[in-house]
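Side chains included, hydrogens not; waters and symmetry mates left out as well; all remaining heavy atoms used. First the proteins, then the strands, lettered A, B, ... as listed; each starts at 1.
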Amino acid sequence: MNIQELTVNIEKAIKHSLKELGYYDESIEVSLEQPKDKSHGDYASNIAMRYAKKARKAPIKIAEEIVEKLDKESLYLETINVVNPGFINFFIVPSFIFGVINDINKQGKQYGQLSLGKNDRYNIEFVSVNPTGSLHIGHARGAASGDSMCRILQKAGYEVTKEYYVNDAGNQIHNLALSLEARYKQLFDLDVLMPEDGYNGPEIIKLAEKIKREVNDRYLHEEGYHFFKSYGVSELLAQLKQDLADFRVEFDVWFSEQSLYDEQIVQKTLDYLKEQNYTYEQDGAIWLKTSEYGDEKDRVIVKSDGTYTYLTPDIAYHKNKLDRNYTKLIDILGGDHHGYIDRLKAAIEMVGKQSNILEVEILQMVKVIQNGEEVKMSKRSGRAITLRDIIDEVGVDPIRYFFAMRSLNTHMDLDLDLALKQTNENPVYYVQYANARIHSLFTQAEKKGINFTNEDHKFTHLTGDKTIQLVHILSQYPDAIELAATNRTPHKLTNYLNQLASAFHSFYGDTQIITDDIVATKEKLALLNATTIVLEDALSLIGVSAPKKM
RNA sequence: GUUUCGGUAGCUCAGUUGGAUAGAGCAACGGCCUUCUAAGCCGUCGGUCGGGGGUUCGAAUCCCUCCCGGAAUGCCA
């Protein structure tokens, strides 16, 4: 029996007592909590307070009655205290808690693997930046959060497809082609102006130079629009993939918007919407009746000039995702797109499925600060600090950890001067250092001829609050995974990592690990081995490395 | 105006399915390396949880209201 099972048993026992006492009410849920203060036990229950009204008795009395009916031994409880105003505090026998060390060492990386999503297939779409320039630091948040979320969901037992929607059709790409053409011609000293909505970033100039090297002046004489378009998209997309890969973000599916046109999916979806009478014509445009499905107003899907809005292929795209039989579609979008959710959900309702199959996670924007001022990021203006720059200058680990730390819906400030210079302030090193220290201890122990052996230990030599605290946190790893996965909150995992590292550092400062007592040393090494397993696994879930030396 | 996300320590942020004395990192201050990694440990300082009402044994957390900031409110994407 592990600790999670034990807490369930304690809850059951409380429920049983309530029944015997004649108080039981199934609408009042029995659940244990973990008190912040160690003196309040390993677990605590507020159940007596919640039954006070129903039982018409003082909570403290109810608590006493419940406790009287509990069998301490079979529940591995050392003591049970009743405290004002009616909390019940449970102290588990230490040797039971230590059992988790053996479990972890036996299971290795499998420890914490859950099977929550047995019948679920999730599709998670994130980043999906247009291939019209370099990824900038603002995009990194989406990449880091989305990827971490996927890894955590997989650990929790969900089948996950990571997907990137490539906007390789439409107006933005048109502007890219024109921008590239203009830059190319400028290289021949032609007085060509950039298009009004053009992309002014330096990467477009570099690309134009590359084209010039390859084809020389060919497109001064012949029409090059299609060439610039496809060349630009494929080069920029390749760059984008590379940047993401270096950021340790890999996608399973790169879904091309153009393919929706090539395979007539957009046209078919449009026909379907018309047939079902979900559309009408007004002012020369075709509108979709999204307001009938919860949107604040109807939306144009075919403009009066005959072209589509962004929404049109996106409906077709989501229809396609639905047809691929996922049980859940998660879109991770930037905060500037939140007004888009209602129309998308409405459209999904129309193409046949319940809109709640789509879940949209909104990622608030990052405000980048440099030299004490806000830096406005914009691809069009070309003013941007690229992800590539940051990877090269600071490294992947600090950035990924930093973004994973923040809850998705918080508006955050990123001080670049701080991020670039004072990298030691990033808590990632605190966690990584814990792991490096452990590996150093193994090396030291080995030198003295003591090796960690993966056998069941009795842990009769382990004592002290710091030790118990560390073991306790190790036992909570599966809870942390579940919480982070079901609430879509990757930052719960960095909170957990920080707690674990802190417990370790504190334990380390308090306890001499390698001593002349071989049995005690081996027991401590077993604890450290369990700690490093969890540290490395949890770090891997947010895409951060775990160096053995620092 | 409407929708939406925020407002918690000097700064950046946790904590928000109601729980016990509101936390962490950084900054500031004071201790700890002749024994396992000082990227560390131990301690001190620091708060009208935006304001005001309400709900109850109990509210940062739930409800109402007001104030402040970001974002959205396109036949842009």
Side-chain angles (χ1 to χ4, degrees), chain A residues 29 31 33 35-37 39-40 44-46 48-50 52-53 58-60 83-87 89 128-130 132 167 170-173 175 197 282-287 296-297 299-311 313-314 334-342 362-365 367 369 379 402 405-415 418 422-434 436-445 447-448 466 487 489 491-492 494-495 498-499 501-502 504-515 521 524 549-550:
Chain A
E29 202 185 335
S31 68
E33 56 186 284
K36 292 170 216 159
D37 189 335
S39 69
H40 294 139
S45 172
N46 60 2
M49 268 99 79
R50 304 182 65 182
K53 218 170 228 174
I60 196 120
V83 194
N84 267 323
F87 287 104
N89 296 333
S128 296
V129 173
N130 299 337
T132 54
N167 294 111
N171 208 26
Q172 310 244 8
I173 297 304
N175 286 333
D197 290 321
Q282 189 184 307
D283 304 329
I286 296 175
W287 297 70
E296 63 169 325
K297 58 180 179 184
R299 308 290 170 176
V300 169
I301 50 174
V302 182
K303 295 184 251 178
S304 50
D305 67 1
T307 60
Y308 301 140
T309 61
Y310 181 81
L311 180 64
D314 212 19
D336 53 342
H337 287 71
H338 89 260
Y340 190 69
I341 301 171
D342 285 343
I362 287 296
L363 206 51
Q364 296 300 331
M365 315 213 79
K367 189 198 278 184
I369 309 222
K379 250 196 208 175
F402 182 79
M405 270 170 72
R406 310 308 196 198
S407 90
L408 303 185
N409 54 11
T410 192
H411 305 267
M412 56 183 281
D413 287 3
L414 173 62
D415 189 329
L418 216 66
Q422 299 173 294
T423 57
N424 276 9
E425 289 178 14
N426 192 305
V428 70
Y429 299 106
Y430 182 77
V431 178
Q432 289 181 322
Y433 186 55
R437 267 183 154 177
I438 292 173
H439 284 283
S440 169
L441 286 167
F442 281 121
T443 311
Q444 289 299 324
K447 277 185 194 159
K448 298 199 173 166
K466 310 271 186 184
N487 292 345
T489 47
H491 75 278
K492 299 274 183 196
T494 57
N495 287 358
N498 198 61
Q499 272 181 44
S502 169
F504 165 75
H505 284 308
S506 186
F507 163 72
Y508 178 90
D510 191 60
T511 312
Q512 182 73 23
I513 311 296
I514 301 160
T515 63
T521 301
K524 281 176 274 186
K549 266 189 190 169
M550 283 175 76

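Taking atom OH of residue A:Tyr430 and atom C1' of nucleotide B:U37, one finds them 14 Å apart after rounding to whole Å. Regarding A:Gln172, its CD atom lies at a distance of 7 Å from the C1' atom of B:C76, rounded to whole Å. Remark: P of B:C36 and CZ of A:Phe504 are 13 Å apart, rounded to the nearest angstrom. Rounded to whole angstrom, the span from the CG atom of A:Asn130 across to the P atom of B:C76 amounts to 15 Å. Look at CG on A:Leu408: it is 11 Å from P on B:G6, rounded to the nearest Å. The distance between atom NZ of A:Lys297 and atom P of B:G1, rounded to the nearest whole Å, is 18 Å. Between the CG atom of A:Asp314 and the C1' atom of B:C76 there is a distance of 14 Å, rounded to whole Å. Going from atom NE2 of A:His439 over to atom C1' of B:G40 covers 17 Å, rounded to whole Å.
Between A:Thr515 and the phosphate of B:C36, there is no side-chain N or O to OP1/OP2 separation shorter than 4.0 Å. Taking side-chain N and O atoms only, A:Tyr310 has no distance below 4.0 Å to OP1 or OP2 of B:A77. Taking side-chain N and O atoms only, A:Thr309 has no distance below 4.0 Å to OP1 or OP2 of B:C76. Of the side-chain N and O atoms in A:Asn409, one or more sit less than 4.0 angstrom from OP1 or OP2 of B:G6. Regarding contacts with the backbone of B:G74, every side-chain N or O of A:Arg299 stays at 4.0 angstrom or more from both OP1 and OP2. Dashed line: the shortest gap from a side-chain N or O of A:Lys447 to OP1 or OP2 of B:C36 is not under 4.0 Å.
Residues passing the side-chain contact (heavy atoms from CB on, under 4.5 Å) test with A:Asp510, sequence neighbours excluded: A:Lys466. Every side-chain contact (heavy atoms from CB on, under 4.5 Å) that A:Ala436 has, sequence neighbours left out, goes to A:Met550. The ring-ring contact (aromatic ring centres under 6.0 Å, His included) search around A:Tyr340 returns A:Tyr310, not counting sequence neighbours. Every residue two or more places apart in sequence or in another chain that forms a side-chain contact (heavy atoms from CB on, under 4.5 Å) with A:Lys303 is listed here: A:Val300, A:Asp305, A:Thr307, A:Thr309.
A:His40 comes within contact range of at least one nucleobase, with a heavy-atom separation under 4.0 Å. Looking at heavy-atom distances under 4.0 Å, A:Ser45 makes no contact with the nucleic acid at all. When heavy atoms are screened at a 4.0 angstrom cut-off, A:Asp413 is found touching the sugar-phosphate backbone but no base atom. Within the 4.0 angstrom heavy-atom criterion, no nucleotide atom of any strand lies near A:Ala52. Counting any heavy atom pair closer than 4.0 Å across all strands shown, A:Asp283 reaches a base atom. The residue A:Met405 sits apart from the nucleic acid: no heavy atom pair falls under 4.0 Å. The residue A:Thr443 sits apart from the nucleic acid: no heavy atom pair falls under 4.0 Å. A:Ser506 comes within contact range of the sugar-phosphate backbone alone, with a heavy-atom separation under 4.0 Å but no base atom that close. Among the heavy atoms of the strands lying under 4.0 Å from A:Lys549 is at least one base atom, whether or not backbone atoms are also near. Counting any heavy atom pair closer than 4.0 Å across all strands shown, A:Ala445 reaches no nucleic acid atom. If you check every strand for non-hydrogen atoms under 4.0 Å, A:Lys524 touches nothing.
The base of B:C36 lies outside donor-acceptor range of the side chain of A:Ser440, with no N or O pair under 3.5 Å. Evaluation of atom-type donor-acceptor distances gives a pair under 3.5 Å for the side chain of A:Asn89 against the base of B:A20.
Taking the ring axis of A:Phe504 as reference, the NZ or CZ atom of A:Arg437 does not stay both within 45° of it and closer than 6.0 Å to the ring centre.
Minimum heavy-atom separation, A:Ala52 to A:Pro59: CB-CG, 3.9 Å.
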Polar atom pairs (N or O), protein with nucleotides 68-71 of chain B, under 3.5 Å:
| residue | atom | partner | partner atom | Å |
| --- | --- | --- | --- | --- |
| B:G69 | N2 | A:His411 | NE2 | 3.4 |
| B:A71 | O2' | A:Gly335 | O | 3.2 |

What pairs of nitrogen or oxygen atoms, one from the protein and one from nucleotides 17-19 of chain B, lie under 3.5 Å apart?
| residue | atom | partner | partner atom | Å |
| --- | --- | --- | --- | --- |
| B:G19 | N7 | A:Asn46 | ND2 | 2.7 |

